[in-house]
Amino acid sequence: MHPYRTHTCGELRATDVGTTARLSGWVHRKRDHGHLLFLDLRDHYGLTQCVVDASSPSFAAASALRLETVVTMSGTVVARGADAVNPRLPTGEIELAVDSLEVQSVAEPLPLQVNSEADFPEDTRLRYRFLDLRREHVHRKLVLRSQVIASIRRRMIAAGFTEFQTPILTSSSPEGARDYLVPSRVHPGKFYALPQAPQQFKQLLMVAGFDRYFQIAPCFRDEDGRADRSPGEFYQLDFEMSFVTQEDVWAALEPVIHGVFAEFRPDAAITPPPFPRITYDDAMAKYGTDKPDLRNPLVITDVTDVFRGSGFTVFASAIEQGAIVRGLRVPGAAAQPRSFFDKLNQWARDQGAPGLGYVTLAEGAARGPIAKFVDAPRLARLREITGAADGDAVFFVADKRAAADKLAGKARVKLGEELDLLEKNAYRFCWIVDFPMYERDEETGKIDFSHNPFSMPQGGLEALEHQDPLTIKAYQYDIVCNGVELSSGAIRNHRPDIMYKAFGIAGYRREDVEARFGGMLNAFKYGAPPHGGSAPGIDRIVMLLAGETNIREVIAFPMNQQAQDLLMQAPGEVPPERLRELHIKLDLPPEPPKTG
RNA sequence: GGGCUCGUGGUGCAGCCUGGUUAGCACACUGGACUGUCAAUCCAGAGGUCGCGGGUUCAAGUCCCGUCGAGCCCGCCA
């Protein structure tokens with residue numbers, strides 16, 4: 001007999017009754033009746049109830065087993081009595097009558113209950129991640145992650161993509177985030193950078209003629225974490241295609257994304273391809289964000305006309321100064337108590353806004369604090385623009401366009417959540433397209449790239465030479481699901497002449513461009529195919545499929561928000577001789593005074 | 001760098017608003033009882049610098065100030 005097991009803990013069935021079996025696993029739970037002991041043995045595959053009674057020579061040893069001890073149990077598979085069958089377990093019709101047991105590894109008392117679904121503090125979970133990952137619901141999410149990645153890989157290969165690996169130790173890249181740097185021992189004072197994305201490599205692979213590239217690519221960015229953004233590192237489905245328009249890229253990705261979501265969430269409603277395309281400008285106007293959650297039925301409108309020249313001087317004079325007024329119609333909200341509107345107003349103030357105006361509609365009239373300024377013609381106009389009817393409420397935000405969009409967008413999210421308006425069990429996708437090529441830095445007034453500097457400007461060289469840069473769009477697009485940005489992508493700029501010009505507008509001299517991106521620029525001088533791609537975030541896809549809002553839930557060994565690995569104690573100090581070898585001298589900030 | 005929330009035996013929570021008996025409950029742990037449980041049950045026990053420092057007070061887990069740590073958010077992340 002195998003020293004550890006003849007079956008897994010999820011395998012034995014009624015048809016195995018009478019056979020001899022050996023199982024190995026963790027002691028999941030014990031039910032000790034004194035002269036009869038039930039013991040649930042758990043492994044990756046499932047749970048099997050093992051029984052030991054007082055007559056067994058193993059009885060004392062079995063009674064003494066602590067939870068999570070690893071043990072091998074041998075015995076006979078026996079049928080459970082009709083009233084003892086556990087229908088919740090696949091192995092619930094049988095149990096293992098234990099003849100002998102062998103302890104493989106003893107467990108100390110646990111800092112974290114493995115057989116509990118209770119919430120534990122995240123630092124405890126991360127410090128004892130190996131225990132946390134034993135817990136069924138956490139374990140399952142990591143298995144899901146593996147299956148999702150396998151499915152994506154299968155679908156990409158079937159679609160004619162070729163998988164590549166690209167360097168991890170590379171040079172600093174043009175993405176906007178801070179790089180992780182790795183000092184060179186051989187080249188004093190020089191550093192490798194970990195790739196923020198394999199951006200230039202995948203473009204070089206297109207120049208190399210591979211036509212369709214993909215990679216489940218690790219990406220490293222030294223930026224602060226968020227619930228949906230793991231600090232340090234994450235994975236992208238990075239892909240790139242030659243001789244394509246942006247429509248071709250969308251058409252290539254949509255069946256992969258839709259297929260994966262349909263495969264793992266057959267219960268959910270999923271946007272069928274082709275996904276809606278929403279221009280950046282429309283998204284900002286209608287949803288107040290470039291990553292709209294389309295499960296939310298609320299839509300923002302422009303009601304500046306309703307208040308222009310009205311008696312409500314707060315809005316009217318703001319409009320004179322160039323402000324706009326955004327309206328948010330909320331069906332049925334007129335029935336909410338006054339406290340509801342007061343709370344929202346306070347919320348808006350907490351967001352740094354002067355407040356959130358509103359009217360409610362009933363019996364053909366407007367009500368509320370500012371209703372007296374909305375006369376009959378203005379009310380008619382409001383109804384016309386927003387579609388509001390009796391029983392609805394309309395909220396107002398007056399500010400400069402960008403600020404008004406932002407707050408109206410936040411209010412849309414807030415109201416959608418508070419009033420439980422979001423479509424349930426649904427994945428709603430869209431493409432946000434036609435991003436601006438450039439934007440003006442509010443502080444410096446300088447014109448800079450608003451997204452990827454390697455994107456092709458719409459209109460090409462012609463547009464760069466003759467158009468106001470701030471009006472130029474790029475062939476740049478994001479895919480968004482349920483308010484989560486899954487990726488951005490672009491048709492790339494493969495023409496050195498257009499690239500010099502594009503960088504020139506953002507203030508880079510020809511020499512700067514050559515110094516920083518010489519490798520790729522040089523490649524483009526020897527015959528580069530037009531190409532484009534995208535790179536959806538794997539962690540975010542799995543997070544959405546798992547129904548989680550925290551990305552660390554689908555990463556086996558995540559760092560905390562301070563970019564520390566509590567299990568492996570990273571980052572850590574290194575011995576002085578290693579620093580000398582790397583030609584590094586530390587220049588540390590002064591120690592803060594110790595107070596406790 | 002900033003804002004908000006949280007910090008109480010190994011673990012999860014209550015107690016704090018409104019200061020006052022031995023800091024309570026559950027899980028885990030130790031011992032005992034129990035032959036059909038499946039979150040087994042019952043009895044007993046051990047286990048606490050109430051994050052840390054300072055202040056107010058006759059008295060602080062509770063109120064105030066500071067500080068450290070964690071989470072969420074802003075900045076940042078094309």
Side-chain angles (χ1 to χ4, degrees), chain A residues 28-41 47-56 59 63-64 66-68 78 80-89 91-92 95 97 107-128 131-132 173-179 196-197 199 219-232 234 290 350-352 406 410 435-439 442-443 448-455 474 476-478 485 487-490 506 535 537 549-550 552 560-562 564 566 592-596:
Chain A
H28 185 69
R29 190 167 269 130
K30 282 164 67 183
R31 293 173 294 280
D32 187 346
H33 291 243
H35 297 288
L36 181 71
L37 174 68
F38 296 100
L39 194 151
D40 294 335
L41 198 64
L47 216 62
T48 300
Q49 173 166 285
C50 302
V51 197
V52 194
D53 75 27
S55 64
S56 165
F59 185 74
S63 296
R66 233 183 259 129
L67 297 186
E68 294 307 307
V78 299
R80 299 200 197 183
D83 54 346
V85 165
N86 184 345
R88 291 194 307 252
L89 283 183
T91 61
E95 61 198 4
E108 292 182 9
L110 301 170
L112 177 76
Q113 251 35 73
V114 173
N115 62 17
S116 164
E117 301 288 293
D119 274 334
F120 295 95
E122 198 168 32
D123 46 354
T124 305
R125 292 181 56 196
L126 294 183
R127 186 169 303 120
Y128 298 97
L131 290 177
D132 191 39
S173 48
E175 284 82 9
R178 278 182 290 268
D179 289 315
Q196 295 188 26
Q199 182 66 34
C219 303
F220 305 89
R221 296 179 191 175
D222 183 5
E223 294 299 333
D224 293 333
R226 286 287 184 279
D228 65 351
R229 198 169 80 207
S230 185
F234 59 96
D290 60 1
D350 293 342
Q351 303 297 313
K406 196 171 174 185
K410 283 183 176 177
F435 275 82
M437 183 80 187
Y438 298 100
E439 63 190 8
E442 304 240 338
E443 281 172 23
D448 203 354
F449 294 106
S450 74
H451 265 67
N452 189 328
F454 294 155
S455 298
Q476 169 86 42
Y477 39 84
D478 283 1
E485 181 194 318
S487 83
S488 50
T549 54
N550 187 318
R552 293 184 294 274
N560 67 7
Q561 194 169 252
Q562 280 61 244
Q564 296 164 305
L566 298 177
K594 287 249 196 280
T595 54

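Nothing here was measured: the structure is a model prediction, and the numbers come from that model. The chains referred to below are lettered A, B, ... by the order of the sequence lines, with proteins before strands, and numbering in each begins at 1.
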Heavy atoms from C-beta onward define the side chain here; which of [options] lies closest to that of [X]?
X	options	result
A:A84	B:C38, B:G71, B:C77	B:C38
A:R229	B:C76, B:U37, B:A78	B:C76
A:R226	B:C77, B:C73, B:U35	B:C73
A:N452	B:A78, B:A28, B:G71	B:A78
A:D123	B:A78, B:C27, B:A70	B:A70

In whole angstrom, give the distance that lies between atom [atom1] of [X] and atom [atom2] of [N].
X	N	atom1	atom2	answer
A:E223	B:C73	CD	P	15 Å
A:D32	B:U37	CG	P	15 Å
A:D290	B:A78	CG	P	13 Å
A:H35	B:A33	NE2	C1'	9 Å

Does [X] reach a base, just sugar-phosphate, or nothing at all? Heavy atoms under 4.0 Å.
X	result
A:S455	nothing
A:E485	nothing
A:K406	sugar-phosphate
A:R88	sugar-phosphate
A:R80	base
A:F120	sugar-phosphate
A:A227	sugar-phosphate
A:Q562	sugar-phosphate
A:N550	sugar-phosphate
A:E122	sugar-phosphate

Electrostatic pair A:D224:A:R229 at N-O distance under 4.0 angstrom = no
Using atom types as modelled and distance alone, determine if a side-chain donor or acceptor of A:R66 lies under 3.5 Å from a backbone N or O of A:A107.
-> yes
For the pair A:Q476 (side chain) and A:G489 (backbone), establish whether a donor and an acceptor sit closer than 3.5 Å, ignoring hydrogens and angles.
-> yes
Taking the inter-plane angle between the rings of A:H33 and A:F38 on a 0 to 90° scale, is it parallel (under 30°), tilted (30 to 60°) or perpendicular (over 60°)?
-> perpendicular
Considering every strand shown, what is the Watson-Crick or G-U wobble mate of [N] when both distances are under 3.5 Å?
N	value
B:C63	B:G55
B:G1	B:C74
B:G9	none
B:G45	B:C29

Taking donor-acceptor contacts at under 3.5 Å, does the side chain of [X] reach the base of [N]?
X	N	answer
A:R221	B:C76	no
A:Q561	B:G69	no
A:R31	B:C34	no
A:R552	B:G71	no

